[in-house]
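What follows is a set of notes on a single structure, which appears directly below.
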Amino acid sequence: MQFGRTYEEFEVGAVYKHWPGKTVTEYDDHLFCLLTMNHHPLHLDTNYAGKTTDFGRNVVVGNYVYSLLLGMSVPDVSGKAIANLEIESLRHIAPTFHGDTIYGETTVLDKWPSKSKDDRGIVYVETKGYKQDGTVVCVFRRKVMVPTVTYTEERGGEQPGRPTPLS
């Protein structure tokens, strides 16, 4: 299985469709809210959400949707990353509800060599997340510093931290 890419492997215009998707459960949403101390009743209180919001039900916290999409993109985009440099923009387009399944895809918008070190480059990507019906729910753009082939080879190859089994 591929886990990230070197700078040379990225092509401007390439689209990576992340698989599999993730069906968001009430438990997922509530756990994320509790871990991040987001106690807004829109996410946690079914009675409140049902009686006082336009949605009539709980909405999945947007940063969980963003985090899912970021995680889904790791095997295709940032699995070899040296650093995530910048989240340039993050837009929540439509709500996600418990039971929705989120899918993602990332487009390579641009890439350029690092100005300070010749063994790495910057890749500029846009990731879109959408629900099972095709509704786009989240879009973000980021810049990722990735290694060149030279960087990878100098540090032990494809999986430098993986131990070799004893006979």
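All values derive from a computational prediction rather than experimental measurement. Computed over heavy atoms, backbone and side chain alike; hydrogens, waters and symmetry mates excluded.
- For the pair T106 and L69, the minimum side-chain heavy-atom distance is 4.5 Å or more.
- Residue pairs meeting the salt bridge (Lys or Arg N to Asp or Glu O under 4.0 Å) criterion with at least one partner in residues 91-112, sequence neighbours excluded, are K17-E105, D100-K131.
- Side-chain contact between W112 and K143 is present, with heavy atoms from C-beta onward closer than 4.5 Å.
- Contacts classified as side chain to side chain donor-acceptor pair (under 3.5 Å) and involving residues 53-66 (residues at least two apart or in different chains) are given here: T46-N58.
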Would V137 and I102 satisfy side-chain contact (heavy atoms from CB on, under 4.5 Å), going step by step from the backbone distance to the final call?
-> CA-CA 9 Å; V137 295; I102 302 298; 4.1 Å; yes
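- Note on residues 5-28: no pairs pass ring pair (Phe, Tyr, Trp, His ring centres under 6.0 Å), not counting sequence neighbours.
- D45 is linked by a side chain to side chain contact (heavy atoms under 4.5 Å, CB included) to P41, N47, Y48, counting only residues two or more places apart in sequence or in another chain.
- Applying the salt bridge (Lys or Arg N to Asp or Glu O under 4.0 Å) rule to pairs touching residues 23-36 yields K22-D28, sequence neighbours excluded.
- Looking at every heavy atom in both residues, C33 comes nearest to L44 through CB-CD2, 3.8 Å.
- Two residues are said to be in side-chain contact when any heavy atoms from C-beta on lie closer than 4.5 Å; E126 and F140 fail this criterion.
- Side-chain contact of S73 with R142: a donor-acceptor pair under 3.5 Å is present, judged by distance alone.
- With no hydrogens or angles considered, no side-chain donor-acceptor pair links T36 and N38 at under 3.5 Å.
- Using modelled atom types, one finds no donor on one side chain facing an acceptor on the other under 3.5 Å when comparing Q132 with Y103.
- Cluster membership for L70 and V123, using ILVMFWY side-chain heavy atoms within less than 4.5 angstrom, is not shared.
- A chain of hydrophobic side-chain contacts below 4.5 Å, direct or via other Ile, Leu, Val, Met, Phe, Trp or Tyr residues, connects L109 to M145.
- The cluster map of Ile, Leu, Val, Met, Phe, Trp and Tyr, joined by side-chain heavy atoms under 4.5 Å apart, puts V61 and F97 in different clusters.
- In terms of heavy atoms, V59 sits closest to P95 at CG1-CB, 4.1 Å.
- Looking at every heavy atom in both residues, G134 comes nearest to Y130 through O-CB, 3.9 Å.
- For the pair K128 and V139, the tightest heavy-atom approach, listed with the atom from each and the gap, is CG-CG2, 3.9 Å.
- No hydrogens or angles considered: a donor-acceptor pair under 3.5 Å links the side chains of E9 and T6.
- No donor-acceptor pair under 3.5 Å is formed between the side chain of S78 and the backbone N or O of A81.
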Evaluate side-chain contact (heavy atoms from CB on, under 4.5 Å) for D76 paired with R5, printing each intermediate quantity in order.
-> CA-CA 7 Å; D76 295 310; R5 290 177 163 77; 3.8 Å; yes
Would you sort out whether T107 and V125 count as a side-chain contact (heavy atoms from CB on, under 4.5 Å), showing the intermediate values?
-> CA-CA 6 Å; T107 303; V125 297; over 6 Å; no
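- Applying the ring-ring contact (aromatic ring centres under 6.0 Å, His included) criterion to H92, with sequence neighbours excluded, gives no partner residue.
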V24 vs L68, side-chain contact (heavy atoms from CB on, under 4.5 Å): CA-CA, chis, key distance, verdict = CA-CA 10 Å; V24 179; L68 275 177; 3.9 Å; yes
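- The aromatic rings of H98 and H30 lie perpendicular to each other, with more than 60° between the two planes, well past the 30° mark.
- The line from CD of E153 to CG of D119 is 12.0 Å long, rounded to the nearest 0.5 Å.
- The shortest distance between side-chain heavy atoms of F3 and V74 falls below 4.5 Å.
- The cluster map of Ile, Leu, Val, Met, Phe, Trp and Tyr, joined by side-chain heavy atoms under 4.5 Å apart, puts M72 and I87 in the same cluster.
- Note on F32 and L90: same hydrophobic cluster, where clusters join Ile, Leu, Val, Met, Phe, Trp and Tyr whose side-chain heavy atoms are under 4.5 Å apart, directly or indirectly.
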